[in-house]
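Each remark here refers to the structure printed beneath this line.
First listed ligand is number 1; within each ligand, the first listed atom is number 1. Residues: numbered from 1 along the sequence shown.
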Amino acid sequence: MPAARRSRSLAFAASLAACGGAPSTPADTTSVASTTSVTAFTPEEVAAAQKEQDQRMAWWREARFGMFVHWGLYAIPAGAWNGATHHGEWIRDTARIPLQEYDQLQAQWNPTAFDADAWAQLAAAAGMKYLVLTSKHHDGFCLYPSGFTDWDVAGSKNGRDIVGELARACAKHGVKFCTYHSIMDWHHPDYLPRRPWEAATRSTDGADFRRFESYLHAQVTEIVQRYRPAVMWFDGEWESTWTHQHGLRLWSLCRALAPEMIVNNRVDVHRAGMNGFSMAEGALGDFHTPEQEIPANGLPGQDWESCMTMNGHWGWNAADGTWKTTTALLHNLIDIASKGGNYLLNVGPRADGTFPPEAVERLQGIAAWMKVCGEAIHGTTASVFDPLPWGRCTVKANGDTTTLYFHVFDWPRDGQFVLPAFANEIVGNPRLLGGAEPGLLFALGDAIPTGTVNVPATPPLPHANVIAVRVKGSPQPFRAPLVVADGDTFVGAMAVRLRANGPDGEVRYTLDGSEPGAASPRAGDAIPLTATTRLRAQTFAGGTRPVGAAIDRTFTKLEPLPPTKQRATQPGLRVERFAGDFSKVPDDLDARQAEATTTTPTIALPANVGERVLLRHRGVLAVPKDGLYHFVLTSDDGSVLRLDGQTVVDHDGLHGPTEKRGTIALMAGDHTFDLVWFNRTGGATLALQWHAHGAKPAAIDAAALRH
Ligand code: FHN
């Protein structure tokens with residue numbers, strides 16, 4: 001049973017409460033309870049919803065690997081339009097193809113070579129336990145005969161029900177069939193907003209988004225009732241017309257239609273960009289959807305799936321030769337599984353219904369590896385070790401033992417493989433998957449393995465090789481000692497504590513940069529630091545053997561800057577305004593003539609500050625006591641904060657409203673303050689917060705600013 005998960009079923013409970021369990025169609029929905037506070041639910045309700053979600057997610061968590069298929073009319077131009085060849089599934093938008101012109105593609109839709117069985121077999125052989133097909137992408141064209149539009153395969157020369165054929169082929173080959181359905185619809189007259197470039201030529205008169213929502217609900221209903229997808233993978237949820245309330249109604253519709261059906265987080269509006277995570281309270285969805293990226297550390301207790309392409313496009317692009325190698329694709333799979341996620345690997349079929357040969361070649365290479373090593377992916381959970389420089393680890397509990405799968409990317413050519421340290425007793429012989437038995441010898445030492453394993457100089461498999469070690473009980477890895485410290489810089493003195501992180505073991509450390517040994521000081525009480533210090537520490541098992549990753553951190557003592565002798569008696573800051581088409585803060589600002597000079601009591605942009613403008617705020621900042629001060633600077637466009645002439649935060653350049661942080665050591669008293677900000681065009685944002693070590697960030701009080 002995976003570790004307890006932060007309950008995403010709170011959202012499930014919320015949706016039940018908000019819509020009473022049975023969704024009302026949008027047309028007659030007068031009001032949907034605002035997102036019910038999830039705290040309004042009893043622990044029993046949350047537990048029941050969590051249990052139901054765990055049951056729904058069980059096969060998905062076991063699967064770890066699926067196939068994404070982006071297919072539709074956009075495969076016909078194959079990325080080319082009016083001489084450009086960079087387009088993909090967005091071609092109607094990126095090539096600005098008027099609706100009437102794009103509609104003509106329907107008559108050209110004729111995938112005579114489409115073979116659902118072949119697709120399903122390739123997925124099954126590659127160990128892809130589920131397949132997600134675009135039943136409708138943003139262009140609105142449906143790959144199945146819809147009862148609610150003629151903009152579908154039924155209206156084409158080749159009326160085959162692609163969704164239906166693939167659903168049946170997947171069932172035949174033991175692959176869960178799933179559908180991707182875009183909320184955003186560039187074809188339906190009621191969908192808003194229009195593409196910006198067609199707003200003038202495609203009227204919005206009569207468009208009724210509530211009627212579009214009914215259409216969307218009707219299509220989702222026909223897809224679920226007709227094809228029973230195991231996952232409904234929504235997308236295109238980011239435009240202003242789609243709100244949390246729309247998401248709540250669509251989520252509740254899915255829950256009511258098929259309680260066992262999994263729904264991704266793009267049903268709702270809380271996705272944090274391409275990183276795909278929705279951590280807002282009450283966010284809806286069964287799993288997060290990072291796209292074209294693998295989270296650095298995964299997210300313990302959360303279900304997430306990285307969807308990624310094999311080359312540079314989701315939809316077929318004949319000119320795109322940037323195919324990732326089979327090794328890279330397998331390393332992605334292993335990396336994702338080692339972090340507890342799923343890998344949804346995309347294929348963009350050609351217009352005739354065949355997979356590109358480059359995709360087939362990679363799927364077959366993956367299949368050959370998975371045939372030998374699939375056990376090290378399917379049904380596994382995340383690594384329990386610190387990051388491993390030579391590869392990854394996946395874990396599989398089986399009764400009162402656990403199998404640790406060490407995926408070795410960098411094979412030891414000297415035949416000596418050092419296992420990551422753990423305190424468990426080993427059961428039986430470790431196995432080299434795909435190797436000749438008993439090719440793997442194991443030098444057992446004391447209760448904790450010596451860690452060195454004799455392996456063949458040449459590994460048996462391409463791409464990655466897996467050493468499977470079965471141990472008693474649940475894993476007891478030795479990990480890097482935990483360091484408890486206020487931060488990496490300090491003023492005056494700082495105490496640091498070291499803690500063992502894992503099974504019993506002594507933590508030993510040095511403060512002179514030397515490598516810790518069995519005779520080094522043992523960590524216990526706080527370690528006082530009064531100067532810049534390089535701390536190195538490691539756990540020693542049995543008092544003698546270094547195990548687990550080592551710590552190597554430098555704590556820097558900062559001398560606080562003395563107060564300025566500048567006299568400043570007037571409240572607030574002086575603000576100089578400069579005009580110009582800036583893309584960065586100019587170096588010669590001191591030599592420039594401001595077009596206007598005013599004062600401001602606090603740091604805030606004037607109303608209607610305008611574009612092509614730079615403001616320079618100068619004066620002194622009164623610092624209450626010696627210490628470290630942290631600054632949080634948020635701006636659009638660029639900004640730079642200097643104190644006593646030292647750059648504290650450099651957030652220069654053209655960018656959206658983002659934040660950057662910086663730290664400086666200051667003595668009590670006045671310090672010269674210089675904050676430059678500029679806006680080229682568009683949005684204008686400037687905010688500055690500060691806080692002493694351990695306090696909460698807050699705006700700088702007017703009383704602390706003078707000039
Ligand atoms: O706009 C789509 C894109 O075409 C593709 O479908 C990806 C796959 O997840 N999703 C959207 C971009 O986030």
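- Distance alone, capped at 3.5 Å, places no donor-acceptor pair between the Arg362 side chain and the Thr325 backbone.
- Not a single donor-acceptor pair under 3.5 Å links the side chain of Lys157 to the backbone N or O of Trp109.
- The distance from ligand 1 to the heavy atoms of Tyr180 drops below 4.0 Å at these ligand atoms: 6 (O).
- At least one heavy atom of His137 sits less than 4.0 Å from an atom of ligand 1.
- For ligand 1, the atoms lying closer than 4.0 Å to a non-hydrogen atom of Cys307 are 9 (O).
- Considering backbone and side-chain N/O atoms, Trp233 never comes within less than 3.5 Å of an N/O atom of ligand 1.
- Taking any N or O of Trp238, backbone or side chain, none lies under 3.5 Å from an N or O belonging to ligand 1.
- Geometrically, Lys176 engages Trp59 in a cation-pi contact defined by less than 6.0 Å to the ring centre and at most 45° from the axis.
- Residue His313 does not touch ligand 1, judged by heavy-atom distances below 4.0 Å.
- Within the 4.0 Å heavy-atom shell around ligand 1 one finds Arg266.
- Defined by atom type and a distance below 3.5 Å, a donor-acceptor pair is missing between the side-chain atoms of His137 and Ser182.
- Geometric assessment of Arg255 against the ring of Trp251 yields a positive cation-pi assignment under the 6.0 Å and 45° thresholds.
- Side-chain polar atoms of Trp233 and Glu305 form a donor-acceptor pair below 3.5 angstrom.
- Without hydrogens or angle criteria, Arg56 side chain to Glu260 main chain gives no donor-acceptor distance under 3.5 Å.
- Checked by distance only, ligand 1 and Glu291 come closer than 3.5 Å through their nitrogen or oxygen atoms.
- At a 4.0 Å heavy-atom cut-off, ligand 1 does not touch Tyr74 at all.
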